[in-house]
Protein chains: 4
Amino acid sequence: MINKRKFIAVIGGNEPSTEEARMAEEVGRELAKRDAILVCGGLGGVMQAACRGAQSEGGLTIGILPGESRQAANPYVQIPIVTGIGYARNLAVVKSAQAVIAIGGSYGTLSEISHALQSGIPVIGLNTWSLSKNGQQDNSIIPAQNPVEAVDKALNLATN
Amino acid sequence: MINKRKFIAVIGGNEPSTEEARMAEEVGRELAKRDAILVCGGLGGVMQAACRGAQSEGGLTIGILPGESRQAANPYVQIPIVTGIGYARNLAVVKSAQAVIAIGGSYGTLSEISHALQSGIPVIGLNTWSLSKNGQQDNSIIPAQNPVEAVDKALNLATN
Amino acid sequence: MINKRKFIAVIGGNEPSTEEARMAEEVGRELAKRDAILVCGGLGGVMQAACRGAQSEGGLTIGILPGESRQAANPYVQIPIVTGIGYARNLAVVKSAQAVIAIGGSYGTLSEISHALQSGIPVIGLNTWSLSKNGQQDNSIIPAQNPVEAVDKALNLATN
Amino acid sequence: MINKRKFIAVIGGNEPSTEEARMAEEVGRELAKRDAILVCGGLGGVMQAACRGAQSEGGLTIGILPGESRQAANPYVQIPIVTGIGYARNLAVVKSAQAVIAIGGSYGTLSEISHALQSGIPVIGLNTWSLSKNGQQDNSIIPAQNPVEAVDKALNLATN
């Protein structure tokens with residue numbers, strides 16, 4: 001049953017480094033191999049690389065788009081969700097997942113990390129933000145050394 | 001390819017009449033038979049009946065939920081999208097579809113009809129609202145006599 | 001105290017007829033004279049005419065904008081609220097009011113009427129939509145013959 | 001003219017420390033003394049303390065609420081905006097301001113900081129988050145030593 005499969009979000013910027021794009025693609029492939037469903041923001045960069053990886057292994061990809069048109073989805077999105085609510089769709093991206101893998105990214109990615117942590121959704125980080133408050137480290141973002149470890153951790157933590 | 005399939009929204013209330021629920025289930029079955037993907041608001045009533053019909057024919061069902069939890073989805077939703085934006089998710093339901101079938105419904109359904117018409121997305125109506133402005137009939141809601149005709153019309157008009 | 005004043009939304013299209021624009025301006029003036037605060041979508045047409053009327057009588061005007069920039073507000077908006085959520089801001093326009101006056105308008109206005117009725121917020125209509133379902137008239141939109149009557153009714157019904 | 005006044009958002013958690021609440025109240029007072037309009041999320045904690053401070057000096061306070069009811073606003077909110085979009089209202093809080101002052105706060109506050117930085121809106125921090133990416137410090141959050149300095153910096157940077 002499709003709804004017994006795990007939903008994992010992959011988040012990251014529109015303009016990743018070569019290394020980040022490579023990691024995103026590998027994350028997508030690994031998720032598909034393990035039968036997880038990929039959720040993302042549906043646009044380019046990390047999102048597109050992850051979808052391409054997932055599709056190459058026959059995985060299912062969902063893109064939750066900010067704008068008014070399904071045409072904006074990258075070509076590897078199979079299920080485009082058209083929200084029309086701009087960056088507020090960032091919340092839907094993370095809330096629709098049972099765990100989140102963050103790869104690089106800028107402030108938009110940081111907003112998604114924040115919304116996930118606020119909702120109690122586990123966040124695994126690859127080359128991404130780290131946080132501290134009042135000089136004290138916040139260790140809520142779980143680090144991973146590579147895409148396979150990130151997917152391992154995400155699937156283990158995706159229990160709700 | 002999944003993204004060559006048509007996305008059709010089925011909208012309607014949480015408390016349909018017996019006849020409306022029966023129509024919704026048949027609409028769901030017909031959409032699945034023709035390989036269309038069902039988009040709905042993910043909750044009960046018309047949404048649940050349509051998903052149940054679609055699933056009985058092996059169709060794919062997407063539920064775009066208003067709240068914070070995937071647990072709120074009806075048991076026939078295969079792809080729950082968790083938006084956390086309340087009734088603003090009504091816009092995402094219709095914008096994610098290429099045509100909309102409205103069955104009965106109350107003011108929430110009317111808001112979805114309005115958002116669809118505003119976005120130029122065709123709306124087919126079964127026992128639903130009709131509109132006039134300044135005493136003049138507005139014929140934008142395309143009537144159908146039965147579920148099969150509604151699905152026929154929706155698929156014919158779902159061109160974008 | 002400002003928060004003892006009544007909040008009334010004025011909704012309607014970007015491209016009103018001359019008569020609708022005139023009515024909107026008079027509604028704005030009347031609201032200001034009676035110390036009500038005007039809430040609207042912040043853009044042109046009916047929204048701008050209503051704000052201009054309110055400002056001419058020293059009233060307070062709030063514009064809840066769909067886009068990303070306060071610069072989009074019409075020049076008579078004193079409090080621009082920048083939502084970035086597109087047409088989903090229509091919900092915020094009506095929910096922020098204790099009663100709604102609808103003047104003319106197209107499908108966007110109809111979506112606002114629907115959201116207001118769904119939330120139990122009274123809607124007064126001037127030359128606007130009328131509704132029926134399954135051939136039966138729905139009388140939830142309270143008709144007014146002129147701007148003064150519309151404002152009278154809105155203020156009387158704005159009890160929550 | 002009200003719309004020549006500057007709009008400054010004050011963000012922070014529902015459960016501030018005593019010191020954070022004291023700072024929030026002083027920030028509110030300072031903003032009001034300098035004729036700035038206070039924008040916040042409308043609820044308790046830092047939001048309520050800031051509104052109380054602003055009101056004590058005759059300032060104007062706007063609360064952009066997540067839920068469906070104006071009754072949820074703290075008693076010092078003069079202009080309640082009811083969005084019904086849950087935490088997606090965080091975006092509206094920061095986008096409606098020309099600069100943001102963050103006081104303490106948890107992940108919700110971090111999401112607001114992120115959305116502000118993404119939109120190019122200056123963020124001043126008092127005892128709040130600090131950010132680094134890939135081991136490199138990100139200095140986008142401008143530190144302030146005390147409430148008066150925070151308000152000084154916010155007003156100087158609020159140019160758009």
Side-chain angles (χ1 to χ4, degrees), chain A residues 11-17 19-20 23 41 64 66 83-96 100 102-123 125-141 143-145, chain D residues 11-17 19-20 23 41 64 66 83-96 100 102-123 125-141 143-145:
Chain A
I11 62 175
N14 272 304
E15 300 181 350
S17 69
E19 174 62 5
E20 289 165 353
M23 289 193 299
I64 302 181
T83 67
I85 56 170
Y87 289 117
R89 76 76 152 86
N90 289 10
L91 283 89
V93 171
V94 299
K95 285 175 194 287
S96 297
V100 173
I103 303 171
S106 186
Y107 299 118
T109 302
L110 182 59
S111 78
E112 294 175 309
I113 291 172
S114 312
H115 288 300
L117 295 175
Q118 187 182 22
S119 301
I121 299 168
V123 177
L126 279 166
N127 287 24
T128 192
W129 291 97
S130 60
L131 310 173
S132 57
K133 200 166 75 169
N134 288 332
Q136 206 173 341
Q137 187 73 19
D138 174 302
N139 295 311
S140 301
I141 303 174
Q145 298 309 313
Chain D
I11 62 176
N14 271 304
E15 299 181 352
S17 67
E19 174 62 6
E20 288 165 354
M23 289 192 298
I64 303 180
T83 67
I85 57 171
Y87 289 117
R89 76 74 152 85
N90 290 9
L91 283 89
V93 171
V94 297
K95 285 175 196 288
S96 297
V100 173
I103 301 171
S106 187
Y107 300 118
T109 302
L110 182 58
S111 77
E112 293 175 309
I113 291 172
S114 312
H115 288 300
L117 294 175
Q118 186 181 23
S119 301
I121 299 167
V123 177
L126 278 167
N127 286 23
T128 192
W129 292 97
S130 61
L131 309 173
S132 58
K133 200 166 76 170
N134 289 331
Q136 206 173 342
Q137 187 74 18
D138 175 302
N139 295 311
S140 301
I141 303 174
Q145 300 309 314

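Letters A, B, ... are given to chains in the order of the sequence lines, protein chains preceding strands, and every chain is numbered from 1.
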Interface check, chain D: of A:G105, A:G108, A:A88, A:S111, most non-hydrogen pairs under 4.5 Å belong to A:S111

Please tell me whether D:Y87 and A:S119 have a donor and an acceptor in their side chains that are separated by less than 3.5 angstrom.
no

Distance col, row A:Y107:OH vs D:L131:CG, nearest 0.5 angstrom, shows 7.0 Å

(message) Tell me whether A:Q137 at atom CD has more than 12 heavy atoms from other residues, nucleotides or ligands lying less than 6.0 Å away.
(response) yes

Note: vs chain D, highest number of non-hydrogen pairs under 4.5 angstrom among A:G135, A:A116, A:S140, A:G104 is A:S140

Okay, D:L117 and chain A: the region with an atom under 4.5 Å from a heavy atom over there is both

Review point. Are there more than 12 heavy atoms of other residues, nucleotides or ligands under 6.0 Å from atom CD of D:E19?
Key: yes

The interface call for D:T128 against chain A, heavy-atom contacts under 4.5 Å, is backbone

Separation between CG (A:L110) and CD1 (D:I113), nearest 0.5 Å, reads 8.5 Å

Ranked by heavy-atom pairs below 4.5 Å to chain D, first place among A:N90, A:N134, A:T109 goes to A:N134

Rounding to 0.5 Å, atoms OG (A:S106) and NZ (D:K133) come to a distance of 5.0 Å

